[in-house]
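For reference, the structure is listed below as structure tokens.
Just so you know, these numbers use all the heavy atoms, side chains as well, and skip hydrogens, waters and symmetry mates.
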Amino acid sequence: MELTNSDIILAFKQGDVVVFEKLFRSYYQSLCRYANGLLNDSDEAEEVVQQMFVTIWEKRSSIEIKVSFKSYLYRAVHNSCLNHLEKIKVRQMYVGQHSGNEEVSTDYSEMNLQKNELQTRISAALLKLPEQCRKVFLLSRHDEMKYAEIADHLGISIMTVS
């Protein structure tokens, strides 16, 4: 008997190991290929996918899945890859700034963890915003557009943007 998406989500949230293993086996390879396309490093892609599966299993009871489980997995891997790339970027910037220093601060790991946690919270908060609010926020923060530009781009009033 084939399980519906709702059945899969419910079983997963209740800790059904068989369902989890089936999901892992069904999607692992394709998720690794997807992650490799974003990271261009098959070892790192596998690491990201494995960590994503560990994370969602550990947080299964509190996860809110409002789309298909497959879509959720791909979005989770996408976000994990973006976080990983950001971590690499920060590390390269940090190393570049501190090249020549013989002693590297041990606070880097803690700073990186805090940054990742903050990024995760921001991503979660963004997902909770209505679509139009999310667009405005992303255009403002990521594309660095001014309110007037956003209003013009989305065809809405500047008062709606602010």
Closer than 3.5 angstrom, by distance alone: can the side chain of Ser26 be matched with the main-chain N or O of Lys22 as a donor-acceptor pair? yes
Between CZ on residue Phe69 and OG on residue Ser6, distance to nearest 0.5 Å: 12.0 Å
Can any side-chain N or O of Gln14 pair as donor or acceptor with the backbone N or O of Ala11 at less than 3.5 Å? no
Are the side chains of Tyr28 and Cys32 in touch, meaning some heavy atoms are under 4.5 Å apart? yes
Just by distance, no angles: are the side chains of Ser42 and Glu46 close enough, under 3.5 Å, to form a donor-acceptor pair? no
Does some side-chain heavy atom of Glu21 sit less than 4.5 Å from a side-chain heavy atom of Val17? yes
Any salt bridge (charged side-chain N to carboxylate O under 4.0 Å, His left out) involving residues 27-38? Give me the pairs, sequence neighbours left out, ordered by first then second residue. none
For the residue pair Leu23 and Phe53, what are the closest heavy atoms and their distance? O-CZ, 4.3 Å
Rounding to 0.5 Å, atoms CG (Asp16) and CD1 (Ile8) come to a distance of 10.5 Å
Do you know which two heavy atoms are closest between Ile56 and Leu73, and how far apart they sit? CD1-CD2, 3.5 Å
Any donor-acceptor pair under 3.5 Å linking the side chain of Asn83 with the backbone of Gln119? no
Side chain proximity check, Lys89 to Met93, heavy atoms < 4.5 angstrom: no
Could you label the plane-to-plane angle of the Trp57 and Phe20 rings as parallel, tilted or perpendicular, counting under 30° as parallel and over 60° as perpendicular? tilted
Out of curiosity, does Phe12 fall in the hydrophobic cluster containing Val67 (side-chain heavy atoms, cut-off under 4.5 Å, transitive links)? yes
Which atom of Leu31 lies closest to which atom of Val77, heavy atoms considered: CD2-CG2, 3.8 Å
Any chance you could measure Ser80, atom OG, to Lys87, atom NZ, to the nearest 0.5 Å? 9.5 Å
Give a yes or no on whether Leu85 and Tyr34 share a hydrophobic cluster (residues Ile, Leu, Val, Met, Phe, Trp, Tyr; joining criterion: side-chain heavy atoms under 4.5 Å apart). no
Counting only heavy atoms not in Lys70, do more than 12 sit closer than 6.0 Å to its NZ atom? no
Apply side chain to side chain contact (heavy atoms under 4.5 Å, CB included) to residues Ile156 and Gln132 and explain how you reach the verdict. CA-CA 10 Å; Ile156 58 176; Gln132 193 74 348; 3.6 Å; yes
Kindly indicate whether the side chain of His84, heavy atoms from C-beta on, has any atom under 4.5 Å from the side chain of Gln51. no
Out of Glu58, Gln50, Met52, which residue meets the side-chain contact (heavy atoms from CB on, under 4.5 Å) rule with Val54? Glu58
Under 3.5 Å, is there a donor-acceptor pair between the Thr4 and Asp7 side chains? yes
Looking only at heavy atoms, what is the nearest atom pair of Lys13 and Arg60, with distance? CG-O, 3.4 Å
When clusters are formed by joining ILVMFWY residues with side-chain heavy atoms under 4.5 Å apart, either directly or through shared neighbours, do Leu10 and Val19 land in the same one? no
Can you confirm whether Ile9 sits close enough to Tyr72 that some side-chain heavy atom of one is under 4.5 Å from a side-chain heavy atom of the other? no
Hey, are the side chains of Glu44 and Asn36 touching, using non-hydrogen atoms and a 4.5 Å cut-off? no
Note: Leu39 and Val48 closest approach over all heavy atoms is CD1-CG2, 3.8 Å
Tightest non-hydrogen contact, residues Leu38 and Cys81, listed as CD1-CB, 3.9 Å
